[in-house]
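Working notes, beginning with the structure itself.
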Amino acid sequence: MTQAGVYGQRLGRGLHVKEAPVLVTRWLRSAALAVTEVRNDNPTLEFSGSLPAEDAYLVSLKLRDYPACECWEEGRYVTREDIRAGATYLYDLKRDPRYVIDKPFHSLFFYLPRSALGDVARQPGAPCVGELSYEPGVGHDDGIIRHIGATLQQGLRRPDETNQLFVDHMLLALTAHVAQTYGGLKPAAEQNRGGLAPWQVKRACDRLDSDLSGKIALQQLATELGLSVSHFSRAFRISTGLPPHQWLLRQRVKAAKQLMTVRDLPLSEIASSAGFANQSHFTRVFSQIVGVSPGAWRREAYGGPGET
């Protein structure tokens, strides 16, 4: 199947990089959303390639300084600006954004179709999201995008340990933030901020508990309850105190604790049975949530040598 969006290797080719790790979500009705990491420590002097024209934006978090960046749009020189690590830049793919590649660079690019921005705006009384407000080559000090970018960068480095619920949640949060901060969308009306009905909480939790691997998508959960993704994600957190991906991690830990009552069962098998990618992933998540490693917890709870 031919990829439609400007992300992953399609974006990497335009920026002349061989590897472009990507995380993708398809929970919106309209299109995929994605985050791609691009890096080149030894570039050859050249112009970035022309990216396919789409009714979409790239929102870029810069991870490295890039002095005197020469920016072009629609085949014309626009500006030359110093890009600073930590700043956020917006690019409209309808305007053929390009720049001169003559220094090392390292960035995250979030691919946001305009239809996706429209989807998050579908709420009572909300205005449509039109053009995003930005100036070519002008950066924004956006702490929320820095936080989301840093969190997703960990997922890009460990894709096997990154469950789809987490990717869905983070890209939903970023899309809503961009729509509000740069597109003029007002936050959801107060009447939409209640929790789920008890039967909805039970059904959602049962569905998550039935697949600890985390392969179920937010879109699927929301559709089963007759809700939008944004409403479901917000209401689930109100009802349970946690977003779905964090609730799932705690269920994995709960399942692992139960499995550790079987004293001869290796931690590697427990990790797999409880939905973790591997024993290292299991140890890291368990230690973060419980405060001690699985082996230490097992020794303290049941005695014996345990495992590390």
Side-chain angles (χ1 to χ4, degrees), residues 23-28 33 35 110 120 143-177 187-188 192-198 200-225 227-260 270-294 297:
L23 296 172
V24 182
T25 181
R26 293 180 173 83
W27 49 258
L28 290 167
L33 302 175
V35 56
F110 299 92
V120 300
I144 291 177
I145 289 183
R146 279 197 299 274
H147 170 73
I148 292 174
T151 304
L152 284 170
Q153 197 175 7
Q154 297 303 311
L156 287 161
R157 292 172 179 170
R158 299 188 180 102
D160 293 341
E161 300 178 9
T162 303
N163 70 64
Q164 190 61 47
L165 285 171
F166 166 75
V167 178
D168 293 352
H169 175 80
M170 298 307 296
L171 289 177
L172 167 63
L174 181 126
T175 304
H177 171 71
N192 289 333
R193 293 186 178 177
L196 298 172
Q200 292 175 316
V201 176
K202 183 178 186 304
R203 181 173 295 182
C205 291
D206 286 348
R207 290 288 284 116
L208 289 170
D209 217 11
S210 69
D211 183 7
L212 292 177
S213 67
K215 293 180 180 178
I216 189 170
L218 278 181
Q219 177 69 71
Q220 184 177 345
L221 288 170
T223 298
E224 290 180 10
L225 299 181
L227 302 173
S228 69
V229 174
S230 57
H231 185 184
F232 168 72
S233 184
R234 182 172 58 248
F236 185 93
R237 185 168 190 164
I238 291 171
S239 295
T240 67
L242 295 167
H245 70 280
Q246 290 287 353
W247 188 91
L248 180 66
L249 287 179
R250 280 158 176 75
Q251 288 303 107
R252 288 178 179 174
V253 168
K254 180 179 177 181
K257 285 182 175 180
Q258 183 62 36
L259 290 168
M260 280 192 283
I270 291 172
S272 177
S273 298
F276 294 97
N278 48 53
Q279 187 173 337
S280 175
H281 182 211
F282 170 39
T283 299
R284 184 164 52 255
V285 173
F286 190 97
S287 300
Q288 289 172 349
I289 292 176
V290 180
V292 296
S293 71
W297 184 89

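Within the model, atoms CD of Gln251 and SG of Cys205 stand 7.0 Å from one another, a figure rounded to the nearest 0.5 Å. The distance from atom CD1 of Ile270 to atom CG of Leu259, rounded to the nearest 0.5 Å, is 5.5 Å. Going from atom NE2 of His169 over to atom CG of Asn163 covers 11.0 Å, rounded to the nearest 0.5 Å. Remark: Leu152 CG to Thr162 OG1 distance equals 8.5 Å, nearest 0.5 Å. With values rounded to the nearest 0.5 angstrom, Ile148 atom CD1 is found 8.5 Å from Thr175 atom OG1. Interatomic distance, CG of Leu249 versus NZ of Lys254, reported as 14.5 Å (0.5 Å rounding).
In this structure, the side chains of Phe276 and Thr283 stay at 4.5 Å or more apart for every pair of heavy atoms. At least one side-chain heavy atom of Met170 sits under 4.5 Å from a side-chain heavy atom of Thr151. Contact of the Arg252 side chain with the His281 side chain is registered, since non-hydrogen atoms from C-beta on lie closer than 4.5 Å. Between Phe282 and Pro294, the closest side-chain pair of non-hydrogen atoms falls below 4.5 Å. Taking the side chain as every heavy atom from C-beta outward, Leu174 and Val35 never approach each other to under 4.5 Å. In this structure the side chain of Ile216 never reaches within 4.5 angstrom of the side chain of Leu248, judged on heavy atoms. The shortest distance between side-chain heavy atoms of Phe286 and Lys257 falls below 4.5 Å. Residues Phe110 and Leu33 form no side-chain contact, since every pair of their non-hydrogen atoms from C-beta on lies 4.5 Å or further apart.
Identified under the salt bridge (Lys or Arg N to Asp or Glu O under 4.0 Å) test for residues 271-293, with sequence neighbours left out: Glu161-Arg284.
When every heavy atom of Leu212 is checked against every heavy atom of Asp209, the shortest pair comes out as CD2-OD1, 3.7 Å. For the pair Ser233 and Leu172, the tightest heavy-atom approach, listed with the atom from each and the gap, is CB-CD2, 3.8 Å. When all heavy atoms of Asn278 and Ala271 are compared, the closest pair comes out as O-CB, 3.8 Å.
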Do any side-chain atoms of residues 239-246 form donor-acceptor pairs under 3.5 angstrom with protein atoms, and if so which ones, sequence neighbours left out?
residue: Ser239; atom: OG; partner: Leu196; partner atom: N; Å: 2.7
residue: Ser239; atom: OG; partner: Ala235; partner atom: O; Å: 3.1
residue: Thr240; atom: OG1; partner: Phe236; partner atom: O; Å: 2.9
residue: Thr240; atom: OG1; partner: Leu242; partner atom: N; Å: 3.2
residue: Thr240; atom: OG1; partner: Leu242; partner atom: O; Å: 2.9
residue: Gln246; atom: OE1; partner: Arg250; partner atom: NH1; Å: 3.1

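At least one donor-acceptor pair under 3.5 Å links the side chain of Gln200 to the backbone N or O of Ala197. Listed for the Asp160 side chain is no donor-acceptor partner under 3.5 Å among the backbone atoms of Ala277. With hydrogens and angles disregarded, no donor-acceptor distance shorter than 3.5 Å links the side chain of Glu224 to the backbone of Ala204.
Surrounding CZ of Arg146 are more than 12 heavy atoms belonging to other residues, nucleotides or ligands, all under 6.0 Å away.
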Pair Val24-Val167, side chain to side chain contact (heavy atoms under 4.5 Å, CB included): steps then yes or no: CA-CA 7 Å; Val24 182; Val167 178; over 6 Å; no

Evaluation steps, salt bridge (charged side-chain N to carboxylate O under 4.0 Å, His left out), between Asp211 and Arg207: CA-CA 7 Å; Asp211 183 7; Arg207 290 288 284 116; over 6 Å; no

Leu171/Leu23 under side chain to side chain contact (heavy atoms under 4.5 Å, CB included): CA gap, chis, key distance, verdict: CA-CA 10 Å; Leu171 289 177; Leu23 296 172; 5.6 Å; no

